[in-house]
Amino acid sequence: MANDPPRPEARAPRGFVDRRARDVAAERAILAAVTEVYERWGFEPLDTGAFEYADALGKFLPDADRPNEGVFALQDDDEQWAALRYDLTAPLARFAAQNWETLPKPFRRYAHGPVWRNEKPGPGRYREFVQCDADTVGSARPEADAEIIAMAAEGLQAAGLPAGSAVLKINSRKLLNGLMAAAGVEAEGQKLGVLRAVDKLDRLGPDGVRLLLGAGRLDESGAFTKGAGLSAAAAERVLAFTVAGVGGRSETLAKLADVVGGSAEGDEGLAELSAIDVALTALGVGPDRAIIDPAVVRGLEYYTGAVFEAELLLPTTDERGEIVRFGSIGGGGRYDDLVARFTGERVPATGFSFGVSRLASALRAAGKDLAAATRGPVVVIAFDQTRMADYFAIAGELRGAGISAEVYLGSSGMRAQMKYADRRSSPAAVIVGEDELAAGTVTIKDLDLGRALSGDVEDNAAWREQRPGQQTIPRAELTAAIRKILDAG
RNA sequence: GCCGCCCUAGCUCAGUUGGUUAGAGCGCUAGAUUGUGGAUCUAGAGGUCCCCGGUUCGAGACCGGGGGGCGGUACCA
């Protein structure tokens, strides 16, 4: 054995997860529910490839001809760098620029699929995950933003999160810029620091944010985060802004006007948010489903106006019963400059993206799994190896009737086959041995019924004696009998 | 990137001051029951003690270096 080649370790790369039937079903259910909403609101599907040229993603390291860290990139045989998409918005911008002349405008599309991020995974954070986006390209109207928000709210509801269990939070980059102008923050580095500090309000609370706005903060692991270095007065001004999100949307806007009104950009942001508020109300989206929250920042890169974030309000626990905090389960905003990168022409655009994978785990953690428990197929016991043809005929008949069925194809005995059927969550097993063949009958066993009764049985002899849920019927009645068991489940 | 914790069977873990052939529970395979799921009993399979080097008569344990994982933090389009 010493000369055997080393065996590879069977493991998935970190940040990549295997999903079994239950998880796949849950994600599919969410996708089906959300895309149905998108289509009903007049958005058309668009599929683009997993790879984009890295320059189309706009992700090159400064002063390097190599793509940014954070994306999975490879060099094609023509030396061009291609990278796996890290979201669905950049590919849309590329597509819109490429086909702009021929598209009906505004262009309304939805898309879903996996995206990849080459970064350190964490709890609830993967390097491959599924997003589901809807975007409107070519409309600068605040109503376009409002429609995206209203649709996202309906999507949450369709996915199993009605009002009260999740909320959409709205803010505007223009407000944040107005705030910083009012607080006298001008240096670029300092602006970034302020935005990052504000973004952490929900996690660190006002005291943590105050530290980050000032000198810096030492976390419990001992790592120090440098702060934005604002004066105490400026920091308090920023804090007052971030915590102003209380009550209804128009009340919040009035409060915010006191803080950022006066600066040109702040006033513009306020006007846009007001228009969004009015449109949302007209669309029937109340403050129980969408609020204005001045602490929402989102990513720093491409948003130019309104920004949105979907937050889960349900309490969630992990498999050990400990409380877990989920980050946002979706987000979006207005990005008016993204298409201009390709065409030079400014094209207003706005959109929203659900994190489907995270939404699925959030629903599971909250005990609100959309998908019912997965059902296995009816298992035809391979009792007599010389009668496989009969077993395949039975499976074929069931399949023809639309019933999921299979013949056991392993090599184990009957006991193991029953156990197999049990573990597949099969509704029923079909047993055809020599007795049945001779009599022209089949024996079917209702496994669900047996599962329900098994708790009361003490010894195996009695259990076997009872044969719960078992019946022997004429061969011709097989499909009808199985159907009856399925309907009862 | 920074800080901390961890690494022994498929999984969760025990392993005494350094001592001979490395253990448990669960899970898996099978038997008890030539044709029946749960429970019970019995048997079996399953190990690079993360890797490399060092100390030692002797290392799963001690020392040094490396790797991997987890958590926090930073970044996050």
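Computed over heavy atoms, backbone and side chain alike; hydrogens, waters and symmetry mates excluded. Keep in mind that this is a model prediction, so the values were computed, not measured. Residue numbers begin at 1 in each chain, while the letters A, B, ... track the order of the sequences.
In this structure, CZ of A:Arg387 is placed 18 Å from P of B:G35, rounded to the nearest angstrom. One atom, CG of A:Asp448, and another, P of B:G37, lie 16 Å apart when rounded to the nearest Å. B:A77 atom C1' lies 14 Å from atom CG of A:Leu92, rounded to whole Å. Across the protein-nucleic acid pair, A:Met414 atom CE and B:A32 atom P stand 15 Å apart, rounded to whole Å. Rounded to whole Å, the distance from CD on A:Gln470 to C1' on B:G37 is 11 Å. Put simply, CG on A:Leu195 is 10 Å from P on B:C76, counting in whole angstrom units. Atom CD1 in A:Ile381 sits about 11 Å away from atom P in B:U36, given to the nearest Å. In this structure, A:Glu434 places its CD atom 10 Å from C1' of B:U34, rounding to the nearest Å.
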Legend entry - Residue pair A:Ile30, A:Leu363: steps toward the side-chain contact (heavy atoms from CB on, under 4.5 Å) verdict: CA-CA 10 Å; A:Ile30 291 169; A:Leu363 283 168; 3.7 Å; yes
Inset, instruction - List the steps, then state whether side-chain contact (heavy atoms from CB on, under 4.5 Å) holds for A:Phe308 with A:Ile149. - result: CA-CA 7 Å; A:Phe308 339 121; A:Ile149 295 164; 3.6 Å; yes
Inset, instruction - Would you check, one step at a time, whether the test side-chain contact (heavy atoms from CB on, under 4.5 Å) holds for A:Arg19 with A:Ser357? - result: CA-CA 10 Å; A:Arg19 279 170 292 193; A:Ser357 310; 3.9 Å; yes
Inset, instruction - Could you give me the CA-CA distance, side-chain angles and deciding distance for A:Val297 and A:Val307, then say whether side-chain contact (heavy atoms from CB on, under 4.5 Å) is met? - result: CA-CA 7 Å; A:Val297 174; A:Val307 286; over 6 Å; no
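At a threshold of 4.0 angstrom between heavy atoms, the contacts of A:Tyr420 with the nucleic acid are absent. If you check every strand for non-hydrogen atoms under 4.0 Å, A:Arg423 touches sugar and phosphate atoms only. A:Asp199 comes within contact range of no nucleotide atom at all, as no heavy-atom separation falls under 4.0 Å. Base engagement by A:Glu436 is indicated by at least one non-hydrogen atom pair under 4.0 Å involving a base atom.
Ring stacking holds between A:Tyr86 and B:A77, with the centres under 5.5 Å apart and the planes within 30 degrees of each other.
Side-chain atoms of A:Thr225 lie closest to B:U73 of the nucleotides B:U73, B:G38, B:G35. For A:Arg196, whose side chain is taken as the heavy atoms from C-beta onward, the closest listed nucleotide among B:C76, B:G37, B:G35 is B:C76. Nearest nucleotide to the side chain of A:Lys200, out of B:A77, B:G37, B:A74: B:A74. Of the candidate nucleotides B:G35, B:G37, B:C75, B:C75 has the atom nearest to the side chain of A:Arg125. In this structure, the nucleotide among B:G35, B:G37, B:C76 sitting nearest to the side chain of A:Glu119 is B:C76. Picking from B:C76, B:G35, B:G37 the nucleotide with the shortest atom distance to the side chain of A:Ile431 gives B:G35. Comparing B:C75, B:G35, B:G38 against the side chain of A:Arg415 picks out B:G38 as the nearest. Here the nucleotide nearest the side chain of A:Lys120, chosen from B:A30, B:G72, B:G35, is B:G72.
Taking 3.5 Å as the limit, the base of B:U36 and the side chain of A:Gln417 contain no donor-acceptor pair of atoms between them.
Near RNA chain B, defined here as any heavy-atom distance below 4.0 Å, there are no residues from residues 346-359 of chain A.
Summarising the base pairing, B:G60 is matched to no nucleotide, lacking a Watson-Crick or G-U wobble pair whose two defining distances lie under 3.5 Å. The partner of B:G46 cannot be assigned: no Watson-Crick or G-U wobble pair with both contacts below 3.5 Å exists in any strand. Across all strands shown, B:G10 is found opposite B:C26 as a Watson-Crick or G-U wobble partner, with both distances under 3.5 Å. Shown here, B:U73 forms a base pair with B:G1; the pair counts as Watson-Crick or G-U wobble because both key distances fall under 3.5 Å. The partner of B:U16, taking Watson-Crick or G-U wobble pairs whose two distances both stay under 3.5 Å, does not exist in any strand shown. Look at B:A39: it lacks any Watson-Crick or wobble partner with both distances under 3.5 angstrom.
Comparing B:G66 with B:C76, their C1' atoms are spaced 30 Å from each other, to the whole Å. When the P atom is used for both B:A45 and B:C70, the distance is 33 Å, rounded to whole Å. Atom name C1', nucleotides B:C52 and B:C7: the rounded distance is 16 Å, in whole Å. The separation of B:A74 from B:C3, taken at their C1' atoms, amounts to 11 Å, rounded to a whole angstrom. Separation of the C1' atoms belonging to B:A22 and B:U8 is 9 Å when rounded to the nearest angstrom. Going from the C1' atom of B:G64 to that of B:U21 covers 31 Å, rounded to whole Å. Between B:C50 and B:G68, the two P atoms lie 16 Å apart (nearest whole Å). Taking atom C1' on both B:C57 and B:G10, the two are 37 Å apart, rounded to the nearest angstrom.
For the pair A:Gln131 (side chain) and A:Val356 (backbone), a donor-acceptor distance under 3.5 Å is absent.
Classification of A:Glu436 and A:Arg387 as a salt-bridged pair fails, no side-chain N sitting under 4.0 Å from a carboxylate O. Between A:Arg451 and A:Asp422, at least one side-chain nitrogen of the basic residue sits less than 4.0 Å from a carboxylate oxygen of the acidic one, meeting the salt-bridge criterion. Comment: A:Arg125 engages A:Glu119 in a salt bridge, judged by a side-chain N to carboxylate O separation of less than 4.0 angstrom.
With sequence neighbours excluded, no residue forms a ring pair (Phe, Tyr, Trp, His ring centres under 6.0 Å) with A:Phe383.
Between A:Tyr126 and A:Phe16, a ring centre-to-centre spacing not shorter than 6.0 Å is recorded.
Taking the centre and axis of the six-membered ring of A:Phe43, the NZ or CZ atom of A:Arg109 falls outside the cone set by 45° and 6.0 Å.
OP1 or OP2 of B:G37 has not a single side-chain nitrogen or oxygen of A:Arg451 nearer than 4.0 Å. Side-chain N/O atoms of A:Arg203 include one lying less than 4.0 angstrom from OP1 or OP2 on B:U73. An OP1 or OP2 oxygen of B:A30 is reached within less than 4.0 angstrom by a side-chain nitrogen or oxygen of A:Ser412.
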